[in-house]
Amino acid sequence: MRTKIAGGGGATAAARTPRLIRSRSASDRSSALSRQRRKLYWPFVAPALLVYLALFFGPALAGLWISFQSWRGSGDQMRFIGAKNYQRLWDDPAFMTAFGNSLKILVICGVAIFVLAFLISAFLRQMRFRKGLQALLFLPYIISPIAIGVGLGLFLDPDGLLNSGLRGVGLSSLAKPWLAPDQIFTTILVGVIWVSTGFYVMLLMAGADRIPKFFYEDAQVAGATRLQQWRYVTLPLSWDVIAVAAVLWVINSLRIFEFVYAFTGTAGNPPEQVRTVPIYQFLMTTGGKNPAYDMGYGCAMGVVMVALIVILVVFMRRVMRRDAVTY
Amino acid sequence: MGKTLSPLVRAFVWLWVVSNVLLFVWIAFTSLKSSGEVFGSPFKLPASPRWPNYESAWSVSEMGQGFFNSVVIVTTASVTTIVLAAPTAYMLTRSGTRTAGPLTTFFAVGMGIPIQAMIVPVFILMQKISMTFNDAFGWWDDRISLSAIYVATSLPFAIFLLTSFFRTLPTEIEEAAALDGAGGARIFAQIMLPLAQPGLITAFILTVISLWNETLLALMLITDTEQYTLPQALLGLYQTMQYTSNWGGLFAGVIIVILPIIAVYIWLSRRIMEGMTLGAGK
């Protein structure tokens with residue numbers, strides 16, 4: 001601890017009075033080190049910062065600017081139209097459907113995933129082969145969504161494995177055209193839940209793993225059931241991890257593109273009733289059968305997504321704020 | 001309630017995990033079947049494994065070219081990401097400079113910004129770069145554009161992960177080395193980098209996995225089929241399937257896409273899971 005304080009103190013002191021420090025450097029061993037580090041600070045940080053600014057943050061700001069323009073991309077004259085693109089989003093039923101779909105994924109899948117993840121993580125701890133089960137639950141999350149979409153395409157085909165299986169065991173009433181237009185969005189919701197739950201199980205387990213064992217031993221001595229242990233020990237003590245997991249879900253769910261695209265994008269454009277905001281943006285800019293190259297409009301969608309994420313994250317941080325439980 | 005719930009949840013978890021395994025086994029078997037078998041006997045093992053499915057996916061459908069493109073793009077981008085992120089993360093945690101805190105936050109903000117926010121300007125920018133180079137040298141390769149964007153989009157998480165990692169390393173060794181007269185760059189290269197190796201590998205693997213699966217940016221930036229990444233090639237194969245009905249070949253394509261990731265996962269699953277949950281523990 002002492003050395004750490006000395007290092008920090010040396011750093012600030014050196015910034016103000018380098019000469020003074022130099023004359024004392026023999027006695028202050030970490031000041032030489034922090035001076036070395038300071039000299040290299042910008043050479044070490046600048047390359048990443050430049051790439052990040054030029055190819056990530058800069059374009060994001062440019063996107064904000066372009067969202068106020070009418071523009072069809074390079075070669076077209078940019079025209080400032082104020083908030084008209086946003087007005088158009090509001091009046092565009094196709095965008096509203098896409099926006100609604102994104103919110104449905106966020107809320108419906110979100111509730112299902114967290115209920116499942118809570119249940120599973122509460123009991124998985126005491127199960128045999130816990131690590132293996134956890135690893136296999138998580139596996140779909142890191143597999144290419146395109147590959148999963150293609151695989152599920154045949155699995156859910158009207159004559160695919162699922163339906164022939166259901167017919168085979170005499171449950172043909174349950175067999176459905178899973179990928180038919182009025183059924184496919186529900187199928188996608190279930191698919192998203194299936195793919196994502198393992199990741200959130202893992203997050204919640206990682207949070208619970210940090211809780212010292214004696215809390216559970218105490219609870220057991222007091223006669224708490226497993227569910228009560230979860231309610232009165234696990235839940236409050238891993239609350240901060242749960243809050244982070246919820247924020248991650250907001251961010252991850254709103255950018256779902258590949259999974260839906262693989263299900264629907266191969267036979268022309270994905271139908272309107274399954275589009276999410278990223279898919280609609282893709283179709284309105286450079287993607288699909290006949291790209292619309294409506295760049296200003298597409299940028300407005302990107303801005304709306306960021307705004308939505310910011311609002312939801314701020315809102316959730318407020319709602320989920322608790323007095324920190326320290327242990 | 002816990003008494004009745006427990007066996008239910010246990011059974012449910014087992015059912016879920018077994019279905020996951022069976023789904024992958026089914027994909028593997030389907031990839032070795034003839035098209036007739038795929039629908040005719042969906043539950044049976046392939047009569048005799050049809051390895052030509054893989055041959056056709058690999059060479060006729062250009063999954064091989066896609067595999068090569070993906071390996072080159074993903075490796076280049078991931079290595080560059082770590083090379084840029086490691087010194088940055090080290091300085092952000094250790095320099096004690098006034099800008100370090102705000103810069104750490106600034107990089108972390110990138111994890112919350114979806115690529116949809118910057119995808120259109122990036123597309124325009126890359127179009128401009130490609131045109132400029134084509135005019136000046138008569139040559140440009142969109143795979144370079146894609147790799148560069150991959151680096152930019154991977155940096156926030158890599159820096160975040162590595163700053164958390166560098167924070168856990170002891171400061172005493174550095175101080176001792178400084179006392180022995182080692183310079184800052186030498187301390188970083190010869191002492192800190194070897195110490196940080198587990199963190200660097202985790203960051204590298206996680207970057208590789210996410211880039212291997214990335215499709216949206218590739219769809220936007222790469223138009224030449226010769227330059228398609230692996231997921232793009234698989235989508236292309238899926239599209240032609242509508243005419244050829246070569247299901248076995250398509251599933252061979254699926255296996256070609258997922259097998260490398262599954263192999264890495266079997267090898268390093270603990271590290272991958274720990275790395276991906278690191279963000280939530282802070």
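So you know, we letter chains A, B, ... as the sequences are listed, proteins then strands, and number each from 1.
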Ring-plane angle category for [X] and [Y], please: parallel below 30°, perpendicular beyond 60°, tilted otherwise.
X: F44(A); Y: Y90(B); answer: tilted
X: F138(A); Y: Y265(B); answer: tilted
X: W14(B); Y: F129(A); answer: perpendicular

Inset, instruction - Give, as side chain, backbone, both or neither, the part of L61(A) having an atom under 4.5 angstrom from any heavy atom of chain B. - result: neither
Inset, instruction - Please list, chain by chain and in numerical order, all residues satisfying salt bridge (charged side-chain N to carboxylate O under 4.0 Å, His left out) with R231(A), sequence neighbours excluded. - result: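 If we apply the salt bridge (charged side-chain N to carboxylate O under 4.0 Å, His left out) test to R231(A), skipping adjacent residues, there are no hits.
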Inset, instruction - Go through the structure and list residues passing salt bridge (charged side-chain N to carboxylate O under 4.0 Å, His left out) with D157(A), not counting sequence neighbours. - result: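 Checked D157(A) against salt bridge (charged side-chain N to carboxylate O under 4.0 Å, His left out); zero matches.
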Inset, instruction - Below 4.5 Å from any heavy atom of chain A, which atoms of L125(B) appear? Answer side chain, backbone, both or neither. - result: side chain
Legend entry - Atom group of L155(B) that falls short of 4.5 Å from chain A, counting heavy atoms: side chain
Legend entry - Test side chain to side chain contact (heavy atoms under 4.5 Å, CB included) applied to I159(B) and Y52(A), step by step: CA-CA 11 Å; I159(B) 289 176; Y52(A) 180 61; over 6 Å; no
Inset, instruction - Kindly say whether P145(A) contributes a backbone atom to a donor-acceptor pair with the side chain of N213(B) at under 3.5 angstrom? - result: no
Legend entry - Short side-chain to backbone donor-acceptor contact, Q116(B) and P278(A), under 3.5 Å: no
Inset, instruction - Please report the closest heavy-atom contact between A152(B) and F56(A), naming both atoms and the distance. - result: O-CD1, 3.6 Å
